[in-house]
Q: 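Handing you this structure, nothing more for now.
Only a predicted model underlies this, so the values are computations on that prediction, with no experimental measurement involved. Here is the naming used below: chain letters follow the sequence lines, and residue numbers restart at 1 for every chain.
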There are 2 protein chains.
Amino acid sequence: MTSLTFNRIPKCHFRGISLPDGEPLQCPQCIANKLNYCGAMDLELGTRLQAIVTRIRFERGRTLFTQEDSADYVFALAAGVVSCSHYMADGRRQIMGFLFPGDYVGMATGERYSYSGEAVTAGEMCRFSRGPFNKLLMKFCDFEKHFFQEVSNELAEAQKHVLILGRKDAMERVASFLLMLDERENRYGAHDNIELPMMRAEIADYLGLAIETVSRMFTKLRNRRIIAAPDAHLVRILDPGGLRAIASE
Amino acid sequence: MTSLTFNRIPKCHFRGISLPDGEPLQCPQCIANKLNYCGAMDLELGTRLQAIVTRIRFERGRTLFTQEDSADYVFALAAGVVSCSHYMADGRRQIMGFLFPGDYVGMATGERYSYSGEAVTAGEMCRFSRGPFNKLLMKFCDFEKHFFQEVSNELAEAQKHVLILGRKDAMERVASFLLMLDERENRYGAHDNIELPMMRAEIADYLGLAIETVSRMFTKLRNRRIIAAPDAHLVRILDPGGLRAIASE
DNA sequence: CGACAGCTTGATCGATCTCAAGCACGGTGG
DNA sequence: CCACCGTGCTTGAGATCGATCAAGCTGTCG
């Protein structure tokens with residue numbers, strides 16, 4: 001069966017991801033997932049996208065694009081996790097968000113990306129030249145309506161982020177962060193553990209805290225039996241209600 | 001002359017705004033300002049918008065919509081300044097942004113507004129039922145492309161906000177805030193003073209600070225001759241370079 | 001086995017919040 | 001006209017949360 005399916009690409013193992021050798025992941029599939037309103041067009045759209053895509057594998061730590069780069073490409077993440085960080089002149093970093101498989105970046109941007117994309121884990125992404133990509137989607141789909149929705153979602157997330165950073169204390173921030181990851185995983189089916197693909201430093205720079213503070217909050221949550229954490233990158237929520245209360249949404 | 005012009009509505013006097021009695025401001029004009037790509041259609045679009053608009057005047061302090069309200073309306077601000085605040089259960093407030101004449105709200109939202117709109121000054125806004133408004137614009141204009149741009153801008157602003165809240169100290173936050181207001185006024189022509197229509201409490205809740213801290217930072221900037229402040233709601237930037245350095249963009 | 005990176009924990013420091021007081025201004029009523 | 005009051009702003013003093021500095025712990029890799 002060669003027709004594109006609308007299943008999400010398999011939930012990736014964020015850490016120690018093992019990509020199939022040789023045969024790259026089907027990028028158009030993740031595009032199609034996001035564009036699934038396209039209906040009957042998919043197969044041809046997929047083929048056309050295949051024709052203009054560049055697939056790029058990367059290792060943890062690799063910088064995929066920087067905030068100074070001219071925004072010539074649109075990226076779709078096929079596997080792995082990527083952070084979007086803004087660096088200040090003196091080196092301070094604010095992580096704006098994390099990209100997970102199926103996420104885009106580079107659509108809603110001006111002349112330049114305003115943040116840098118860095119690989120939190122190994123992974124693979126699909127790169128499209130902005131022009132042809134836009135033209136193609138515009139031609140095939142009711143393009144803007146769809147991406148309007150996408151950007152709206154991103155905006156809502158940014159506003160949640162503003163609330164966390166502006167008015168929540170350290171405990172509330174960490175709790176909110178865990179709930180966000182939990183909700184994300186819930187969207188793709190039941191799960192018992194939350195996987196934390198990122199390091200403490202990345203959580204800290206997302207939450208506007210110091211590494212040590214993040215660590216202390218995890219410890220506190222563990223001691224209070226709100227969560228269990230078999231290792232630093234795995235969390236099981238023992239008391240969802242308690243966690244939600246702590247996050248004080 | 002009845003044809004719509006593309007001039008911005010007159011720069012409003014934020015505080016002590018005096019609205020012409022009887023004859024309401026021409027709302028479709030502010031819509032048209034934002035939609036000026038519509039070109040030849042404007043006149044008819046304006047007329048149709050006239051037909052579905054409800055104009056609402058409001059005094060300082062009035063709540064225009066709340067975060068619990070079902071998002072049935074799109075608003076366009078014709079005059080005055082409005083804050084968009086998210087309230088937490090215990091009363092903490094985070095101001096997500098301020099609306100100025102010509103700004104919209106309610107386009108990029110889900111089922112409900114996720115924040116409340118409150119009048120920072122007296123003003124006037126135009127209210128459209130979401131359905132007819134969308135239909136109308138969709139019919140007349142290359143609607144989504146335009147609003148995609150709008151939401152993208154909003155997203156960029158939210159991300160700037162995230163950076164301010166996540167990684168800047170009190171001094172940098174206040175400096176950044178003043179620069180934002182300055183840039184906004186610059187877009188509409190030269191000016192010598194920045195008007196601060198909002199109170200210290202609102203600046204504080206936008207910047208994630210306490211009122212007292214905001215006040216102290218103003219004092220510090222004044223003492224260092226970076227700004228002059230004839231009164232609490234007027235600021236003149238004496239040393240733009242210095243202010244930019246302090247904001248450490 | 002040693003070196004290193006990432007995480008945790010402890011002790012101290014400091015920026016910002018909180019609490020409290022005083023000031024400036026505008027509106028109101030005697 | 002002026003005393004009074006309320007609101008918003010500023011300033012000061014002390015408390016607090018989270019940052020910073022420093023050390024130790026754990027697991028991985030060569």
Q: Please check the phosphate of C/dC7 (OP1 and OP2 only) for any side-chain N or O of A/His233 closer than 4.0 Å.
A: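 For C/dC7, OP1/OP2 do have a side-chain N/O of A/His233 under 4.0 Å.
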Q: Filter on ring pair (Phe, Tyr, Trp, His ring centres under 6.0 Å), then keep only pairs touching residues 163-185 of chain B, sequence neighbours left out; what's left?
A: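 Non-adjacent pairs meeting ring pair (Phe, Tyr, Trp, His ring centres under 6.0 Å): B/Phe177-B/Tyr206.
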Q: Within the sub-3.5 Å range, which N or O atoms of nucleotides 27-29 of chain D have a protein N or O partner, and how far apart are they?
A:
none

Q: Look at B/Arg60 together with B/Glu118 and state whether they make a salt bridge at an N to O cut-off of under 4.0 Å.
A: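 So B/Arg60 does not pair with B/Glu118 through a salt bridge.
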Q: My understanding is that only one of A/Ile194, A/Leu221, A/Val174 makes a side-chain contact (heavy atoms from CB on, under 4.5 Å) with A/Ile227; could you say which?
A: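 That would be A/Leu221; it is the only one of A/Ile194, A/Leu221, A/Val174 passing the side-chain contact (heavy atoms from CB on, under 4.5 Å) with A/Ile227.
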Q: Do A/Asp205 and B/Arg167 sit within salt-bridge range, that is, some charged N less than 4.0 Å from a carboxylate O?
A: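 A salt bridge links A/Asp205 with B/Arg167.
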Q: For A/Met199 and C/dT8, give me the distance from atom CE to atom C1', rounded to whole Å.
A: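 The distance from CE of A/Met199 to C1' of C/dT8 comes to 15 Å, rounded to the nearest Å.
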Q: Send over the distance from A/Arg60 CZ to C/dA5 P, rounded to a whole Å.
A: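 Value for this atom pair: 13 Å.
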Q: Provide a list of protein-nucleic acid N or O atom pairs under 3.5 angstrom, restricted to nucleotides 16-19 of chain D.
A:
{"residue": "D/dG18", "atom": "OP1", "partner": "A/Ala170", "partner atom": "N", "Å": "2.7"}
{"residue": "D/dA19", "atom": "OP1", "partner": "A/Ala210", "partner atom": "N", "Å": "3.2"}
{"residue": "D/dA19", "atom": "OP2", "partner": "A/Ala210", "partner atom": "N", "Å": "3.2"}
{"residue": "D/dA19", "atom": "OP2", "partner": "A/Thr213", "partner atom": "OG1", "Å": "2.2"}

Q: Between C1' on C/dA24 and CG on B/Asp231, what's the gap in Å once rounded to a whole number?
A: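 Rounding to the nearest Å, CG of B/Asp231 and C1' of C/dA24 are 12 Å apart.
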Q: Does the side chain of A/Ser248 come under 3.5 Å of the side chain of A/Glu172 through a donor N or O and an acceptor N or O?
A: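 A donor-acceptor contact under 3.5 Å links the two side chains.
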Q: Could you tell me how far apart A/Leu196 (CG) and C/dG6 (C1') are, to the nearest whole angstrom?
A: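 These atoms are roughly 14 Å apart.
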Q: For B/Thr219 and D/dT11, is the shortest distance between a side-chain N/O and OP1 or OP2 below 4.0 Å?
A: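 For D/dT11, OP1/OP2 do have a side-chain N/O of B/Thr219 under 4.0 Å.
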Q: B/Glu202 has an atom CD; how far is it from atom P of D/dT7, in whole Å?
A: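 Those two atoms, CD and P, are 15 Å apart.
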Q: Determine whether A/Ile237 and A/Pro240 make a side-chain contact, defined as any pair of heavy atoms from C-beta on separated by less than 4.5 Å.
A: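 With C-beta onward as the side chain, the pair touches.
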Q: Round to a whole Å and report the spacing from NZ of B/Lys220 to P of D/dG12.
A: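 About 13 Å, once rounded to whole Å.
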Q: Describe the nucleic acid contact of A/Arg173 in one word from base, sugar-phosphate, nothing, applying a heavy-atom distance below 4.0 Å.
A: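 Here A/Arg173 touches no strand at all.
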Q: How close or far is atom P of D/dT26 from atom CZ of A/Arg200, stated in whole angstroms?
A: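 Spelled out: CZ on A/Arg200 to P on D/dT26 is 16 Å.
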Q: For the side chain of B/Arg200 and the backbone of B/Ile211, is there at least one donor-acceptor N/O pair under 3.5 Å apart?
A: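 Not confirmed, B/Arg200 side chain does not pair with B/Ile211 backbone.
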Q: Hey, can you tell me if A/Phe65 and A/Phe75 have their rings parallel, tilted or perpendicular (30° and 60° cut-offs)?
A: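 Parallel: the ring planes of A/Phe65 and A/Phe75 meet at under 30°.
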Q: Taking the basic N atoms (NZ, or NE/NH1/NH2) and the acidic carboxylate oxygens, is any pair closer than 4.0 Å for A/Glu195 and A/Arg184?
A: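 Judged by the 4.0 Å cut-off on N to carboxylate O distance, A/Glu195 and A/Arg184 do not form a salt bridge.
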